[in-house]
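In the text below, chain A, chain B and the rest are named by the order of the sequence lines, each starting its count at 1. Reckoned from all heavy atoms, side chains included, excluding hydrogens, waters and symmetry mates.
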2 protein chains.
Amino acid sequence: MTQATRLRQATSALKASCHQCSLSNLCLPLAIQDNDLDSLEDIVQQGRIYNRGEHIFDQSSPFRSCFAVKSGSIKTSIITEGGEEQVTGFFMPGELVGLDSMSGETYACTAKTLERTSVCEFPIDKLEELTGKLPDLQHHMYRLMGQEIQNSHQLAMLLSKNTAEERIASLLLSLSSRFQRRRMSPTNFSLPMARNDIANFLGLAVETVSRVFTRFQNQGIIRARGREVELLDVEALQLVTREFSRQGCSQ
Amino acid sequence: MTQATRLRQATSALKASCHQCSLSNLCLPLAIQDNDLDSLEDIVQQGRIYNRGEHIFDQSSPFRSCFAVKSGSIKTSIITEGGEEQVTGFFMPGELVGLDSMSGETYACTAKTLERTSVCEFPIDKLEELTGKLPDLQHHMYRLMGQEIQNSHQLAMLLSKNTAEERIASLLLSLSSRFQRRRMSPTNFSLPMARNDIANFLGLAVETVSRVFTRFQNQGIIRARGREVELLDVEALQLVTREFSRQGCSQ
DNA sequence: ATATCAAATTGATTTGCATCAACCTGGACG
DNA sequence: CGTCCAGGTTGATGCAAATCAATTTGATAT
């Protein structure tokens with residue numbers, strides 16, 4: 001092993017090994033032929049490990065990279081001039097954070113870890129260069145960004161048309177399916193975020209979130225103690241999310 | 001003029017002339033060097049003229065193209081299983097419609113004209129191919145999609161944190177600045193959409209929109225008669241949008 | 001002109017959730 | 001072991017906006 005190699009491995013900006021990553025079927029490698037994976041590995045940087053509550057990047061600071069969650073979880077939020085916070089998303093392993101910032105020279109939001117979290121960093125200039133060479137990767141980026149727009153539209157719809165119960169049921173189901181895709185239990189999981197974040201994300205007061213949780217619990221739909229949640233009746237939850245529209249087209 | 005040329009010009013899929021288009025400083029050409037403009041013209045199709053209320057594309061139908069508004073205006077909306085509509089955006093000349101659909105094989109929303117409207121059509125496969133060749137164009141697409149995500153986050157914030165007055169003031173100011181960028185009066189314009197669409201977009205009841213309009217009118221902030229709007233006191237409007245956060249950080 | 005129908009306005013009442021306030025719970029730490 | 005404090009729960013009250021209901025206005029056709 002040369003000194004240079006040893007040095008490179010010692011720096012914090014280690015190359016990540018997408019080849020061996022367990023998330024390669026969720027993350028960017030998903031879009032890439034095996035023989036092109038090297039070129040992705042060439043640009044990716046292994047980020048350091050963050051403790052709970054640390055900032056990955058801050059709103060208004062220079063936009064340099066997108067980040068893929070490797071383990072742990074992240075919340076993104078916008079801070080208004082008045083100091084109000086609006087949580088815009090929660091991100092789980094394999095998901096890409098920072099796409100909304102592609103519109104400018106600075107980050108459009110702040111990304112904060114919800115627990116001990118590790119990430120992979122994709123410097124945006126190199127990523128753009130690479131997507132120019134790999135049509136499949138470019139296509140995947142478009143897909144991801146399109147999906148992000150849709151998610152955001154879904155959130156807007158939830159906020160403008162649905163009751164507190166419907167919003168919370170939707171969030172629980174969304175988390176459930178995302179845990180499932182990551183080969184974790186879809187009915188028995190630990191919420192990565194605090195009630196406060198849930199409330200903020202869903203446009204509710206903390207008290208309301210709390211009340212809905214206990215109401216669901218009393219109805220036997222879920223069992224919750226702190227952040228530990230068990231979905232006892234998924235169908236009932238799905239029913240809740242559609243309650244509004246069911247009334248709209250009854251008879 | 002050869003017969004072939006004459007024929008080509010007679011078909012509905014005429015090539016658009018981006019070179020001569022007055023929107024070239026707003027639309028995709030914005031991102032392209034003059035000498036590359038030809039390659040954009042090669043893939044763009046001049047769409048037909050649509051009357052008010054016609055559909056440009058429908059949710060769940062095969063996703064083929066993005067559309068740039070040439071004249072007129074468009075609203076996009078999602079229809080839920082329950083038949084509920086949620087307006088997700090309004091689009092003015094030079095703006096690109098359909099970016100949210102890049103995530104899948106079908107359109108994620110329905111695009112409907114709000115008035116007599118003409119569009120340019122960009123077949124998505126050709127557009128992707130071209131963005132692979134023109135880094136500036138690719139960069140611009142990323143920017144546009146990132147902006148779309150941000151817009152949607154802003155909307156979510158508006159819906160979850162702001163009062164009816166604040167939402168409507170925001171919309172009026174957004175329209176105002178967009179008219180201004182198009183060299184139309186920022187204080188004197190005609191709303192392209194009905195009260196109903198405004199209400200739906202902002203998560204309000206039509207009655208509330210109506211009431212806020214008259215309240216603003218009585219306060220001398222605007223003058224409105226049907227769709228004709230005059231902004232009499234822009235500063236007051238801006239103040240309304242910040243009222244919430246001002247209270248949050250007073251003292 | 002007049003009829004017709006959708007869009008918009010205005011008023012009265014209800015309601016879901018925010019807000020205010022008090023109290024619990026559990027983990028960190030001296 | 002008790003203290004502290006943030007995070008969470010529960011209860012009482014108020015309010016902004018939805019809903020229900022009735023007109024009015026405006027556009028299009030007859």
Side-chain angles (χ1 to χ4, degrees), chain A residues 51-53 75 84-87 112 114-116 158-169 171 190-219 222-229 240 243-245 247-248 250, chain B residues 51-53 75 84-87 112 114-116 158-171 190-218 222-229 240 243-245 247-248 250:
Chain A
N51 287 315
R52 174 195 288 212
K75 80 165 180 190
E84 285 278 320
E85 181 182 16
Q86 165 75 36
V87 175
K112 205 172 170 181
L114 292 167
E115 54 195 315
R116 221 176 141 68
L158 211 59
L159 293 172
S160 83
K161 298 233 189 308
N162 293 73
T163 66
E165 295 200 352
E166 289 158 2
R167 297 183 207 183
I168 290 174
L171 178 61
S190 166
L191 296 172
M193 72 295 280
R195 296 284 188 278
N196 224 326
D197 295 324
I198 295 178
N200 188 306
F201 179 65
L202 295 177
L204 298 169
V206 199
E207 295 95 324
T208 305
V209 174
S210 191
R211 275 184 253 269
V212 171
F213 266 81
T214 54
R215 219 177 300 156
F216 282 168
Q217 189 151 229
N218 292 337
Q219 292 167 0
I222 69 170
R223 211 153 53 81
R225 264 255 275 288
R227 295 192 173 192
E228 294 304 317
V229 174
V240 170
E243 216 144 273
F244 186 78
S245 40
Q247 294 184 345
S250 61
Chain B
N51 286 315
R52 172 193 290 210
K75 78 163 181 191
E84 283 279 320
E85 180 182 16
Q86 165 75 35
V87 175
K112 205 172 169 182
L114 291 167
E115 53 195 314
R116 217 175 145 72
L158 210 62
L159 292 172
S160 82
K161 298 231 190 308
N162 293 74
T163 65
E165 294 199 352
E166 289 158 2
R167 298 183 206 182
I168 290 173
S170 287
L171 178 62
S190 166
L191 296 171
M193 72 295 279
R195 296 285 188 275
N196 224 327
D197 294 324
I198 295 178
N200 187 308
F201 180 64
L202 295 177
L204 298 169
V206 200
E207 294 94 326
T208 305
V209 174
S210 191
R211 274 185 253 272
V212 171
F213 266 81
T214 54
R215 220 176 301 157
F216 281 168
Q217 188 150 230
N218 292 338
I222 69 172
R223 210 154 52 81
R225 265 254 276 290
R227 296 192 173 192
E228 294 305 318
V229 174
V240 170
E243 217 143 274
F244 186 77
S245 41
Q247 292 184 345
S250 61

Give a yes or no on whether A/R215 atom CZ has more than 12 heavy-atom contacts from other residues, nucleotides or ligands under 6.0 Å away.
-> yes
Across the strands shown, which category fits A/A164 at heavy-atom distances under 4.0 angstrom: base, sugar-phosphate, nothing?
-> sugar-phosphate
Of the candidates C/dA8, D/dA12, D/dT9, the side chain of B/S210 sits closest to C/dA8
Integer-rounded Å distance: C/dT9 P and B/L204 CG | 14 Å
Consider the side chain of B/T208, meaning its heavy atoms from C-beta on, and name the nucleotide among D/dA17, C/dA18, C/dG11 that approaches it most closely.
-> D/dA17
B/F201 and B/L159: which non-hydrogen atoms are nearest, and at how many Å?
-> O-CD2, 4.1 Å
Kindly say whether, by distance alone, the side chain of B/R195 makes a donor-acceptor pair under 3.5 Å with the base of C/dT10?
-> no
Return yes if some donor-acceptor pair links the side-chain N/O of A/R195 with the main-chain N/O of A/G226 below 3.5 Å, else return no.
-> yes
Under 3.5 Å, is there an N or O donor on one side and an acceptor on the other linking the side chain of A/R227 and the base of C/dT25?
-> no
Which of C/dA8, C/dC17, D/dG8 is nearest the side chain of B/A194? It is C/dA8
Among the candidates C/dC17, D/dT19, C/dA8, find the nucleotide nearest to the side-chain atoms of B/E207.
-> D/dT19
Decide yes or no, distance alone: a donor-acceptor N/O pair under 3.5 angstrom between the base of D/dG26 and the side-chain of B/R225.
-> no
Rounded to whole angstroms, how far apart are NZ on B/K161 and C1' on D/dA16?
-> 17 Å
Before accepting this row, confirm whether a basic side-chain N of the pair A/K75/A/E85 lies closer than 4.0 Å to the acidic partner's carboxylate O.
-> yes
Which whole-number value in Å describes the distance from B/E84 CD to D/dA18 P?
-> 13 Å
Along DNA chain C (nearest heavy atom to each residue), the more 5'-positioned of B/R211 and B/M193 | B/M193
